[in-house]
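Taking it in order: structure first as structure tokens, then the write-up.
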There are 2 protein chains.
Amino acid sequence: MSQGELPATSYALLGLLSFGQELTGYEVKQWADATLRFYWVAPAMSQVYSDLGRLAERGLVTARDEEGAGRTVRRYRITDQGLARLRAWLVEPVDDFPVLKHPVALKLLLGHVTGAAAARDLLDRYADALDAQRANLQKVRDGLGDDATFAYPALVAEWGLAYYASEGAIAARLRDRLES
Amino acid sequence: MSQGELPATSYALLGLLSFGQELTGYEVKQWADATLRFYWVAPAMSQVYSDLGRLAERGLVTARDEEGAGRTVRRYRITDQGLARLRAWLVEPVDDFPVLKHPVALKLLLGHVTGAAAARDLLDRYADALDAQRANLQKVRDGLGDDATFAYPALVAEWGLAYYASEGAIAARLRDRLES
DNA sequence: ACAGCCATGTAACTCGTTACATGATTAC
DNA sequence: GTAATCATGTAACGAGTTACATGGCTGT
């Protein structure tokens with residue numbers, strides 16, 4: 001039990017459980033959609049369940065079947081071992097530099113194929129998408145409040161907001177340079 | 001032939017060939033490492049070869065075996081059909097918002113597990129990595145020159161440089177907020 | 001002679017996705 | 001009653017990775 005390395009996404013899910021609550025797979029997915037999505041990925045529902053199963057196998061979380069009128073739901077809680085394992089991973093030096101899969105930059109890179117008008121269009125639509133994304137993240141940040149419990153998630157949300165703001169400014173500048 | 005959708009990475013490789021040269025798989029990989037790496041991914045050598053093979057099967061590139069004293073190298077060139085297909089993909093509205101896999105943000109999000117000192121450390125090391133990455137991209141940008149041929153790649157490289165600058169500033173600000 | 005780069009691929013595997021399948025509870 | 005949401009999984013597949021295998025060319 002507990003042998004073998006885990007993919008980062010598993011640690012991310014384990015991390016969601018490190019805030020102390022006992023969550024169902026469904027709830028873990030919702031938290032992932034609300035927070036992890038902006039800095040990591042939003043794992044598919046099916047992956048959440050299978051990853052939680054693996055974490056349980058290794059004793060990093062416990063699975064408890066909770067009887068509720070008619071329906072039984074399975075709640076997961078992080079174990080001491082899981083917390084220790086998570087801490088060890090967190091303090092490990094980060095080997096991977098952030099990977100950006102940026103379809104807009106990729107398409108702009110090939111602007112010579114489509115011409116300046118298409119490139120401007122691309123950046124315009126990106127600016128709209130950025131606004132929408134930023135609005136979503138702003139709601140998440142507001143939802144986190146100013147309590148100490150979620151101080152770090154709030155910090156990271158603000159990082160994301162600053163990133164979107166900067167990205168919007170850069171995109172606007174690039175668009176202007178294509179205007180000529 | 002030419003049936004079926006292609007993954008974005010295949011279009012990215014096809015895009016590298018859209019600049020007109022006839023390249024070997026090895027050279028495509030080098031271009032990918034130099035440019036695509038910053039905004040998309042650096043595909044493994046083995047993937048470059050298998051993707052080029054698939055593009056050839058579909059008539060989007062031609063493969064020509066070039067005899068050279070003893071050794072034969074295979075050079076790929078984009079076809080008219082390939083260029084048309086690439087153009088169609090480029091003008092398609094971008095459905096995917098950029099995906100950021102940001103291990104530093106992910107670990108910072110879980111700062112409550114390790115404490116403020118570890119979080120500061122994390123951001124310090126990230127700042128160093130950012131500097132290194134920015135220096136690499138600066139070399140790429142300089143190598144692209146100011147010729148019209150690589151105007152779009154140069155534009156995107158400058159986007160990347162601005163992004164790294166902004167990221168460094170944000171990380172420094174966050175670090176200061178953890179100082180107290 | 002030897003190291004390092006150029007060059008090309010195959011095989012096994014992992015991560016993560018979509019599609020499929022099922023059913024209970026809640027709000028209107 | 002019926003639609004949306006809560007809840008839990010399995011199966012098939014795809015994209016991309018690492019490990020393995022091979023060999024020529026180039027500079028010292």
Side-chain angles (χ1 to χ4, degrees), chain A residues 3-14 21-34 36-37 40-58 61 63-76 95-97 99-101 103 106, chain B residues 3-14 21-34 36-37 40-58 61 63-76 95-97 99-101 103 106:
Chain A
Q3 229 70 351
E5 240 339 286
L6 290 169
T9 300
S10 279
Y11 284 111
L13 297 180
L14 192 55
Q21 291 112 317
E22 197 178 27
L23 303 173
T24 67
Y26 194 91
E27 287 166 341
V28 167
K29 164 67 173 162
Q30 290 194 314
W31 273 96
D33 281 349
L36 289 184
R37 171 162 77 90
W40 195 250
V41 277
M45 200 66 253
S46 64
Q47 201 196 346
V48 171
Y49 284 116
S50 52
D51 274 17
L52 285 173
R54 177 166 53 179
L55 291 172
E57 266 175 34
R58 305 200 180 189
V61 302
R64 188 175 64 82
D65 284 336
E66 186 185 54
E67 318 281 331
R71 162 155 73 170
T72 303
V73 297
R74 176 165 293 184
R75 296 198 165 270
Y76 296 89
D95 39 325
D96 321 289
F97 194 79
V99 171
L100 188 57
K101 277 208 154 193
L106 175 58
Chain B
Q3 230 70 350
E5 242 337 286
L6 290 169
T9 299
S10 279
Y11 284 111
L13 297 179
L14 191 56
Q21 291 112 316
E22 197 178 28
L23 303 174
T24 67
Y26 195 90
E27 286 166 341
V28 167
K29 164 67 173 163
Q30 290 193 315
W31 273 95
D33 281 349
L36 289 184
R37 172 162 75 89
W40 195 250
V41 276
M45 198 67 253
S46 65
Q47 201 198 345
V48 172
Y49 285 116
S50 54
D51 274 16
L52 285 173
R54 177 167 53 179
L55 291 172
E57 265 175 35
R58 306 200 180 189
V61 303
R64 187 174 63 83
D65 284 338
E66 185 184 53
E67 318 281 331
R71 161 156 72 171
T72 302
V73 296
R74 176 165 292 185
R75 295 198 167 271
Y76 296 89
D95 39 326
D96 320 292
F97 195 80
V99 172
L100 190 56
K101 278 206 154 195
L106 175 58

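Lettering follows sequence order; numbering is per chain, from 1.
- Checking B/Tyr11 against B/Glu5 by side-chain atom types alone, a donor-acceptor pair falls below 3.5 Å.
- Side-chain N/O atoms of A/Tyr49 include none lying less than 4.0 angstrom from OP1 or OP2 on D/dG9.
- Between the CD atom of B/Glu67 and the P atom of C/dA7 there is a distance of 15 Å, given to the nearest Å.
- Shown for residues 25-34 of chain B: no residue has heavy atoms falling under 4.0 angstrom of DNA chain D.
- Rounded to the nearest 0.5 angstrom, A/Leu23 CG and A/Gln30 CD are separated by 10.0 Å.
- Each of B/Thr72 and A/Asp51 was assigned the nucleotide of DNA chain C with the nearest heavy atom; the assignment lying further toward the 5' end belongs to B/Thr72.
- Rounded to the nearest 0.5 angstrom, A/Glu27 CD and A/Gln21 CD are separated by 8.5 Å.
- Across every non-hydrogen atom of B/Tyr76 and B/Ala63, the tightest pair is CE2-CB, 3.7 Å.
- A side-chain contact (heavy atoms from CB on, under 4.5 Å) with A/Leu106 holds for exactly one of B/Thr9, B/Val41, B/Leu36; it is B/Leu36.
- Remark: the backbone N or O of B/Leu6 is not paired with any side-chain donor or acceptor of B/Arg54 at under 3.5 angstrom.
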Measure all distances between protein nitrogen or oxygen atoms and nitrogen or oxygen atoms of nucleotides 11-15 of chain C, and list the pairs falling under 3.5 Å.
none

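- Here the closest heavy-atom approach between residue A/Leu52 and residue A/Val61 is recorded as O-CG2, 4.0 Å.
- Taking atom CD on A/Glu22 and atom P on D/dA7, their separation rounds to 13 Å, with Å as the unit.
- Under a 3.5 Å cut-off, the side chain of A/Lys29 and the backbone N or O of A/Ala44 do not form any donor-acceptor pair.
- Closest to the B/Arg71 side chain, of the nucleotides D/dA7, C/dC6, D/dT18, is C/dC6.
- With rounding to whole Å, A/Arg64 atom CZ is found 17 Å from D/dT8 atom C1'.
- Here A/Arg74 reaches the OP1 or OP2 of D/dG9: one of its side-chain N or O atoms lies under 4.0 Å away.
- Each of B/Ala42 and A/Tyr76 lies near DNA chain D, and the nucleotide nearest A/Tyr76 is the one positioned closer to the 5' end.
- Residue whose closest nucleotide on DNA chain C sits further toward the 5' end, between A/Trp40 and B/Met45: B/Met45.
- With rounding to the nearest 0.5 Å, the separation of CD in B/Glu66 from OG1 in B/Thr24 is 9.5 Å.
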